[in-house]
Amino acid sequence: MTVFLVCAGLIGLLAAGLTGYIGRLRGAKRISLGDGGDPEMLAAVRAHGNLIEFAPLSLLLIYLLQGPYGDGWMAVLSVLLVVARFAHAGGMLGLVRHGRFIGAATNSILLVVTSALLVLAGFGVRF
C-alpha cells in the first residue's frame, strides 16, 4: 500500500504542478480562458486535462486490485502509472521526446490490464 500512496501523491503533485504552470502561462500570455489559439497554452491545458481524465480512474482501478491481488500488483501498476503520466506530461510540454505516445500507450495498456484483472477477480480467477 505504501508504494500506491506515494505514487498517488506524486500524481497529485503533478496535477498541482501542471495547474501552476497553466496559471503562469495565462498570466504571461494574458489568456484568461481557453487556450487563446496559442499552441503552448493548448499543450499545457491538454497535458493537465488528459491527466485529470485518466489518472483518477487508473488510480481507482489499481486501488481496487489490492483486495483480490494484494500489494504486489498494486505497487507495480502504480509505478507504471506514475511513469506514464510524467512521460505524457513531459511529452506534451516538449520536454520528453515521444513522451506523449509512451505515456498514452502505457496508461491505455494499464487500464486494460487492471480492468481485465478486476473482471477475472470477479469470477474468482486470480494470478
Side-chain angles (χ1 to χ4, degrees):
M1 180 66 109
T2 302
V3 173
F4 175 81
L5 295 175
V6 169
C7 290
L10 289 171
I11 289 172
L13 290 172
L14 176 59
L18 289 172
T19 300
Y21 179 67
I22 290 169
R24 286 189 300 279
L25 270 181
R26 287 192 185 288
K29 295 178 179 279
R30 299 187 184 274
I31 301 171
S32 65
L33 187 62
D35 60 36
D38 183 271
E40 185 179 18
M41 179 60 78
L42 174 62
V45 167
R46 284 309 311 141
H48 181 265
N50 191 276
L51 175 73
I52 299 305
E53 291 164 4
F54 286 99
L57 176 61
S58 299
L59 285 168
L60 174 62
L61 294 175
I62 291 168
Y63 179 78
L64 291 173
L65 285 176
Q66 185 189 28
Y69 293 101
D71 288 344
W73 277 97
M74 195 167 69
V76 170
L77 293 170
S78 297
V79 170
L80 282 174
L81 179 62
V82 167
V83 170
R85 296 318 320 167
F86 273 85
H88 184 271
M92 290 295 295
L93 300 178
L95 303 172
V96 179
R97 186 177 173 145
H98 306 298
R100 180 180 178 194
F101 172 77
I102 292 166
T106 302
N107 202 154
S108 295
I109 292 167
L110 187 139
L111 281 172
V112 169
V113 169
T114 55
S115 297
L117 286 172
L118 288 169
V119 168
L120 290 172
F123 286 108
V125 178
R126 293 187 176 91
F127 294 96

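One is the number of the first residue; the rest follow in order along the sequence.
Residue pairs meeting the salt bridge (Lys or Arg N to Asp or Glu O under 4.0 Å) criterion with at least one member in residues 6-17, sequence neighbours excluded, do not occur. Residue pairs meeting the salt bridge (Lys or Arg N to Asp or Glu O under 4.0 Å) criterion with at least one member in residues 54-64: none, sequence neighbours excluded. Screening residues 2-36 for ring-ring contact (aromatic ring centres under 6.0 Å, His included) gives F4-Y63 as the qualifying pairs, with residues at least two apart or on separate chains.
Counting all heavy atoms, side chain and backbone alike, A44 lies closest to L25 at CB-CD1, 3.7 Å. Nearest heavy atom pair, residue T114 against residue L77, reads CG2-CD1, 3.4 Å. Annotation for L80 and T106: closest pair O-CG2, 4.0 Å, computed over non-hydrogen atoms. Residues A47 and M92 approach most closely at CB-CB, 3.6 Å, considering heavy atoms. Contact detail for I102 and A87: the closest heavy-atom pair is CG2-CB, 4.4 Å.
Hydrophobic cluster membership for V119: F123 (Ile, Leu, Val, Met, Phe, Trp, Tyr linked by side-chain heavy atoms under 4.5 Å, directly or transitively).
Using a 4.5 Å cut-off between side-chain heavy atoms of Ile, Leu, Val, Met, Phe, Trp and Tyr, with links allowed through other members, L51 and F101 fall into different hydrophobic clusters. Residue I22 is not grouped with residue I52 when hydrophobic side chains (ILVMFWY) are merged at heavy-atom distances under 4.5 angstrom, including chains of intermediate members. No single ILVMFWY cluster, assembled from side-chain heavy atoms under 4.5 Å apart, contains both V112 and M74. V79 is not connected to L5 by any chain of hydrophobic side-chain contacts under 4.5 Å among Ile, Leu, Val, Met, Phe, Trp and Tyr, and they are in different clusters. Under the 4.5 Å side-chain contact rule for hydrophobic residues, V96 and V83 do not share a cluster.
With contacts defined as side-chain heavy-atom distances shorter than 4.5 Å, the pair L110/F54 does not qualify.
For L57, the side-chain contact (heavy atoms from CB on, under 4.5 Å) partners are L61, L111, not counting sequence neighbours. With sequence neighbours left out, P68 forms a side-chain contact (heavy atoms from CB on, under 4.5 Å) with A121, R126. Not counting sequence neighbours, the partners of S58 by the side chain to side chain donor-acceptor pair (under 3.5 Å) test are N107. Annotation: side-chain contact (heavy atoms from CB on, under 4.5 Å) contacts of L95 (sequence neighbours excluded): L93. With sequence neighbours excluded, the residues that form a side chain to side chain donor-acceptor pair (under 3.5 Å) with N50 are R85. Annotation: side-chain contact (heavy atoms from CB on, under 4.5 Å) contacts of D38 (sequence neighbours excluded): K29, I31, E40, M41. Evaluation of the side chain to side chain donor-acceptor pair (under 3.5 Å) rule for R46 yields E53 as partners, not counting sequence neighbours.
Heavy atoms of other residues, nucleotides or ligands lying less than 6.0 angstrom from CZ of R26 number more than 12.
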List the atom pairs, donor and acceptor, that lie under 3.5 Å between side-chain atoms in residues 7-19 and the rest of the protein, sequence neighbours left out.
unit_1: T19; atom_1: OG1; unit_2: A15; atom_2: O; d: 2.8
unit_1: T19; atom_1: OG1; unit_2: H48; atom_2: NE2; d: 3.0

